[in-house]
Amino acid sequence: IITAPGNANRTVFLGGNGAGLAAQTNTTLTVNGLIANAAAYAGPLNIGVTGNLVPGTGGATANPALFANGTVDLSGGNNTYSGGTVLQSGTARINGLNNLGGTNYGGLTFNGGTLQDAPAAAGYGTLDLSSDNNSILLAGGGGILDVNGNDITYANTIGNYGGGALKVMSSAANGSLTLLGANTYTGGTVVSNATLTVNNETGSATGAGAVSVQTNGSLAGYGTMAGSVTVNADGTLKLGGTPGILTVGNNLTRLAGGKTVLQVQHSPLANDALQIGGTLNAGGTLIITNSGGTAFAAGDSFQLFSAGSYSGSFAAVTLPSLESGLMWNTNSLDSAGEISVVTLSPKIGSVALSGTNLIMQGSGGLPNGMYYVLGSTNVALPLPNWTRLATNPFDAGGNF
């Protein structure tokens, strides 16, 4: 029941009954009990509140506000009801958790609903939830956090209340959620059309469940995730602005079409790194960028992945350019997660005839790398037009 000017003690069904409470502007709505849904009615009913919701005398301090099958825009209010809020299946639009009640409002529970940040065009900009004192719970129905093109930071706990999943998305471009706390929900995390940044210092930013990076989703940060991580097609794993370490407690899997972007630099010698408690299942595209600007030198070595075991290989690897005479050694990338810069100066040391065979021996190649023997009856032809006669590996010492 909501009491409002001209609408005394009206029950509001957020399924829409044709006679629901109209949008309220610059007014105060008094909450007595639940804002509920009537399953018999169809169609959404949007209630815009640019004033405040305050507790009434009908039990609002004991019962939560329950939003279902509609959109409730609370972004204009500094509301004081204290029974807590349950998002059952509708959408609550806010620009701060204080829109959902006072200091002791009892917290927010997701059970199938959507929490949406107010549009950036409304002038709210970055929403910092880290200053609010109460935690968020994920019930069995889970919840969707729509950052709506904004950058949201949350430092408190997202707890478990039935094993629901957290889905992070953005209705507008370039939205992000940064998690700073140790969260305990168990239902997993899905990211699409948004960036999830994990920068927690303790615990697991994404609880105990698995993380799935889906279409147009990105995973970033230098924190820790206890579960497994999968980067699906059109998903991106890109750690951050300066080289650092991201920890995955279980397996890390990159599927075809997914991208992993890591940074390396020569001065000071540093790189992004992924520490993986389970198996690194390599796949998709790996892109390595030079974050330092200084040219690399022979002997530079970068441990990109440290895993309990390794499986698969990257479909494509893009590496920074090197000066003449240097080459990237990626022989250990798929098996040990390491790349390095080596001097490339293979030379033919001896040529001899043995019967009808011409035998050439030399050194200075890439250890365990491949080399090609090219031949042509016309030495004036450009090398791309020569015929490949043989393909063989250098030995561990770079000899052939």
Side-chain angles (χ1 to χ4, degrees), residues 188-189 191 196 198 204-206 208-214 217-240 243-265 269-291 296 299-320 322 327-342 365-371 391-398:
T189 308
V191 187
L196 174 64
V198 293
S204 171
T206 53
V211 177
S212 178
V213 184
Q214 300 185 351
S218 295
L219 177 63
Y222 301 121
T224 298
M225 297 168 287
S228 60
V229 174
T230 300
V231 181
N232 294 274
D234 297 322
T236 301
L237 175 60
K238 184 177 181 179
L239 271 60
I245 298 173
L246 177 65
T247 300
V248 178
N250 207 311
N251 301 330
L252 174 60
T253 301
R254 273 74 59 83
L255 300 178
K259 291 192 301 183
T260 302
V261 182
L262 301 177
Q263 305 168 105
V264 297
Q265 65 180 44
L269 201 64
N271 62 275
D272 280 338
L274 283 146
Q275 293 184 347
I276 304 154
T279 300
L280 168 63
N281 297 297
T285 300
L286 175 63
I287 301 172
I288 309 298
T289 63
N290 181 0
S291 61
F296 297 100
D300 289 351
S301 180
F302 305 100
Q303 187 73 44
L304 302 178
F305 307 100
S306 298
S309 59
Y310 297 83
S311 176
S313 60
F314 292 99
V317 179
T318 301
L319 294 159
L322 296 173
M327 183 175 181
W328 285 105
N329 179 2
T330 61
N331 292 333
S332 299
L333 175 60
D334 293 331
S335 60
E338 183 182 20
I339 62 173
S340 60
V341 179
V342 296
L366 178 66
N368 299 312
M370 303 303 295
Y371 70 86
T391 301
N392 288 295
F394 293 104
D395 65 17

Please report the shortest heavy-atom distance between P243 and Q265, naming the atom on each side. CG-OE1, 3.8 Å

Check whether any side-chain heavy atom of S218 sits under 4.5 Å from a side-chain heavy atom of K238, and report yes or no. no

Between T285 and F314, is the side chain to side chain contact (heavy atoms under 4.5 Å, CB included) condition met? List the steps. CA-CA 6 Å; T285 300; F314 292 99; over 6 Å; no

If I compare all heavy atoms of N232 with all of S212, which pair ends up nearest, and what's the gap? ND2-OG, 3.0 Å

Intermediate values then yes/no, side chain to side chain contact (heavy atoms under 4.5 Å, CB included), M370 and T391: CA-CA 7 Å; M370 303 303 295; T391 301; 3.5 Å; yes

In Å, rounded to the nearest 0.5 Å, how long is the span from OG1 of T260 to CZ of R254? 4.0 Å

T253 side chain to N281 side chain, donor-acceptor N/O pair below 3.5 angstrom: yes

Counting N and O atoms only, with roles assigned by atom type, does the side chain of Q214 sit under 3.5 Å from a partner on the main chain of D234, one being a donor and the other an acceptor? no

What are the two closest non-hydrogen atoms of L366 and M327, and how far apart are they? CD2-CE, 4.0 Å

Checking side-chain contact (heavy atoms from CB on, under 4.5 Å) against V229, which of I276, V211, L246 comes through? V211

Gap between atom CG of L319 and atom OG1 of T330 - 0.5 Å precision: 7.0 Å

dist S291:OG -> N271:CG (nearest 0.5 Å) comes out at 9.0 Å

Test side chain to side chain contact (heavy atoms under 4.5 Å, CB included) on L262 and L274 and set out the steps. CA-CA 9 Å; L262 301 177; L274 283 146; 4.2 Å; yes

Taking C-beta and beyond as the side chain, do V341 and L322 meet within less than 4.5 Å on heavy atoms? yes

OG1 on T206 to CE on M225, rounded to 0.5 Å: 6.0 Å

Consider only side-chain N and O atoms of D300 and S340, and report whether a donor and an acceptor are under 3.5 Å apart. no

Does any part of the side chain of K259, heavy atoms only, come nearer than 4.5 Å to the side chain of I287, both counted from C-beta? yes

Please work out which of the three classes, parallel, tilted or perpendicular, describes the rings of Y371 and F394, given edges at 30° and 60°. tilted

Where do L269 and S301 come nearest, in terms of heavy atoms and distance? CD2-O, 4.5 Å

Full working for side chain to side chain donor-acceptor pair (under 3.5 Å) between T279 and S311: CA-CA 7 Å; T279 300; S311 176; over 6 Å; no

L304 vs I288, test: side chain to side chain contact (heavy atoms under 4.5 Å, CB included). Steps then yes/no. CA-CA 10 Å; L304 302 178; I288 309 298; 3.7 Å; yes

What's the shortest heavy-atom distance between P320 and W328, and which atoms? O-NE1, 2.8 Å

Residue pair S204 / T224, side-chain donor-acceptor N/O under 3.5 Å: no

Per the side-chain contact (heavy atoms from CB on, under 4.5 Å) rule, which among L286, V261, L252 passes with L237? L252

How long is the straight-line distance from CG of D272 back to OG1 of T289, given to the nearest 0.5 Å? 7.5 Å

Could you pull out all residues at least two apart from N329 that satisfy side chain to side chain donor-acceptor pair (under 3.5 Å)? N331

Atom of Y310, atom of S335 and distance for their closest heavy-atom approach: CD1-O, 3.1 Å

Mind telling me whether F296 and F302 have parallel, tilted or perpendicular rings, with 30° and 60° as the class edges? perpendicular

For the atom pair CG (L333) and CD (E338), what is the distance rounded to the nearest 0.5 Å? 9.5 Å

